[in-house]
There are 2 protein chains.
Amino acid sequence: MLKYQQIAAAIEKYIEDHALQQGDKLPVLETLMAQFEVSKSTITKSLELLEKKGVVFQVRGSGIFVRRHKRKGYISLFSNQGFKKDLEDFHLTSEVIELNVRKPSQEAALNLTIDENDDVYFVKRVRYINGQTLCLEESYYNKSIITYLNKEIVSESIFHYIREGLGLKIGFSDLYLHVGLLTEEEAAYLGLKKGMPKLHVETIFHLTNGKPFDFSKITYNYEQSQFVIQTNSF
Amino acid sequence: MLKYQQIAAAIEKYIEDHALQQGDKLPVLETLMAQFEVSKSTITKSLELLEKKGVVFQVRGSGIFVRRHKRKGYISLFSNQGFKKDLEDFHLTSEVIELNVRKPSQEAALNLTIDENDDVYFVKRVRYINGQTLCLEESYYNKSIITYLNKEIVSESIFHYIREGLGLKIGFSDLYLHVGLLTEEEAAYLGLKKGMPKLHVETIFHLTNGKPFDFSKITYNYEQSQFVIQTNSF
DNA sequence: GAGTGGTCTAGACCACGGC
DNA sequence: CCGTGGTCTAGACCACTCC
């Protein structure tokens, strides 16, 4: 692990352990430099990382402050697929409905930029949060990248397996959000009634080298659909 | 304007002008260093900025590539309030329903971290996209920060005025998303029917110094609610 | 004006991709 | 192995905040 990542992790842990709140001041750069025995730019890099993650904000001429949104019970839209850590407050489980190798739909092939004759893993799951249905998920994984999946992996965190088991590096993703009404089938899986509202999210996940490896379609239970997103200006 | 921002803007313009597509390769670092006559870290800073914005992605040992999502007609969830540039494809207009100075609701006071006796500007607008209703917006601006607003400003881009007119620097924001069904009043403003789905977004905007200055509640027309979000891993 | 974060440089060395 | 991006350093100078 790189220095600036270690330092960022240490600072984040410090904030967590001391239960610091929004606006609380952290030590000044010079102190941090001395404490971690690194140069200024390394500390700066660490703090940039934490700023991107929405953990701190820096004010020139003033200091470094903790950033923390106030509301509880909201799910971070980004820490759902792939970044499970933030969900420690929640119990996430999955019920696997379907898992097989097949040819992709035209839509899936397009989004994964593969040929319709290439193989994909198809995964269909219902995910539960604290015992309640959270969402219905249908995912297509490019089999030439995600070479193996089994029921055990798919019941747990697929993304954890991709990183640790396969040693792949997940880069960026594009999310597409829609609002609509539940179909009969979706309602059945989620234990809701047809015609109730839904949040539908399609995501294309890429590796750091830019190759799309997963196309996911997720329908969220509106009762559980409380999401938070932290953003920064450019 | 800072060097690295100028360079980032230049590179972004180059991508735009040459209509580069996802995966297209940009010149290597050394070339860019020479071309802009700056040191390596400055170019790196520029590219980091573009990476944050979702304009490029960098692959170690390989190169710098253009990142561009494929779907058209989607609104970027972040470039709506405050970052209007990305919406050039769309015609955005506003109809002002209400504009006045008042005491904040308990909810607004809480989210702006002010007292219920402090003054706020209250703005209620319906926003149109290409002539269709896009959303109903109710905003509370901390009057001790946003000292003046009038109908003309509020009909145009409030955030542009805050930046240029008031010289304030917008920092970060917290978005809270919900899905639900339209009330009678909301449906009336949006020209829809009660009971249809809605996306409800509450946002708290902060200045770079961390002070919240705007609390907004927006109800989106589900027919227009096609949003895209580009994210990066940490 | 003192304190504090941000920008920029020049250069050494490292790590990954792909031929 | 070469080309390419990433990390890290030491230090100069700049810009903002707040007393």
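Residue numbers begin at 1 in each chain, while the letters A, B, ... track the order of the sequences.
C/dC14 atom P lies 12 Å from atom NZ of A/K3, rounded to whole Å. Rounded to a whole Å, the CD1 atom of B/I43 is 15 Å from the P atom of D/dT4. The CD atom of A/Q6 sits 13 Å away from the C1' atom of D/dT7 (whole-angstrom rounding). Distance A/F65 CZ to C/dG5 C1': 11 Å, rounded to the nearest Å. Rounded to whole angstrom, the span from the CD atom of B/E51 across to the C1' atom of D/dG6 amounts to 11 Å. The interatomic distance linking B/N209 (CG) with D/dT17 (P) rounds to 8 Å, in whole Å. Separating the CZ atom of A/R60 from the C1' atom of D/dC16 is a distance of 6 Å, rounded to the nearest angstrom. Between A/L49 atom CG and D/dG6 atom P there is a gap of 14 Å when expressed in whole angstrom units.
Both B/S62 and A/Q5 lie near DNA chain D, and the one whose nearest nucleotide falls closer to the 5' end is B/S62. The nearest heavy atom of DNA chain D to B/E48 and to A/V59 marks one nucleotide each, and the one closer to the 5' end goes with B/E48. A residue-by-residue look at A/K169 and A/I64 shows that A/I64 has its nearest nucleotide of DNA chain C further toward the 5' end.
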Per-pair distances, 0.1 Å, donor-acceptor, side chain in residues 27-37 of chain B, under 3.5 Å, sequence neighbours excluded:
none

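Between D/dT7 and A/K45, a contact under 4.0 Å exists linking OP1 or OP2 to a side-chain N or O. Contact annotation: B/Y4 side-chain N/O to C/dC8 OP1/OP2 distance is not under 4.0 Å. One finds no side-chain N or O of A/Q58 lying less than 4.0 angstrom from the OP1 or OP2 phosphate oxygen of C/dT4.
Taking the six-membered ring for Trp and the full ring otherwise, B/H69 and A/F172 have centroids separated by 6.0 Å or more. Between B/F227 and B/Y220, a ring centre-to-centre spacing shorter than 6.0 Å is recorded.
Residue-environment remark: NZ (B/K169) stays at or below the threshold of 12 foreign heavy atoms within 6.0 Å.
Among the atoms of the strands shown, none is found under 4.0 Å from any heavy atom of A/L47.
Contact check of residues 25-42 of chain B against DNA chain C (heavy atom, cut-off under 4.0 Å) returns B/V38, B/S39, B/S41, B/T42.
Sequence neighbours left out, not one pair with a member in residues 140-154 of chain B passes salt bridge (charged side-chain N to carboxylate O under 4.0 Å, His left out).
A donor and an acceptor atom, one from each side chain of B/N232 and B/R67, are located under 3.5 Å apart.
A/K217 has no carboxylate O lying under 4.0 Å from a charged side-chain N of A/E138, or vice versa, which leaves the two without a salt bridge.
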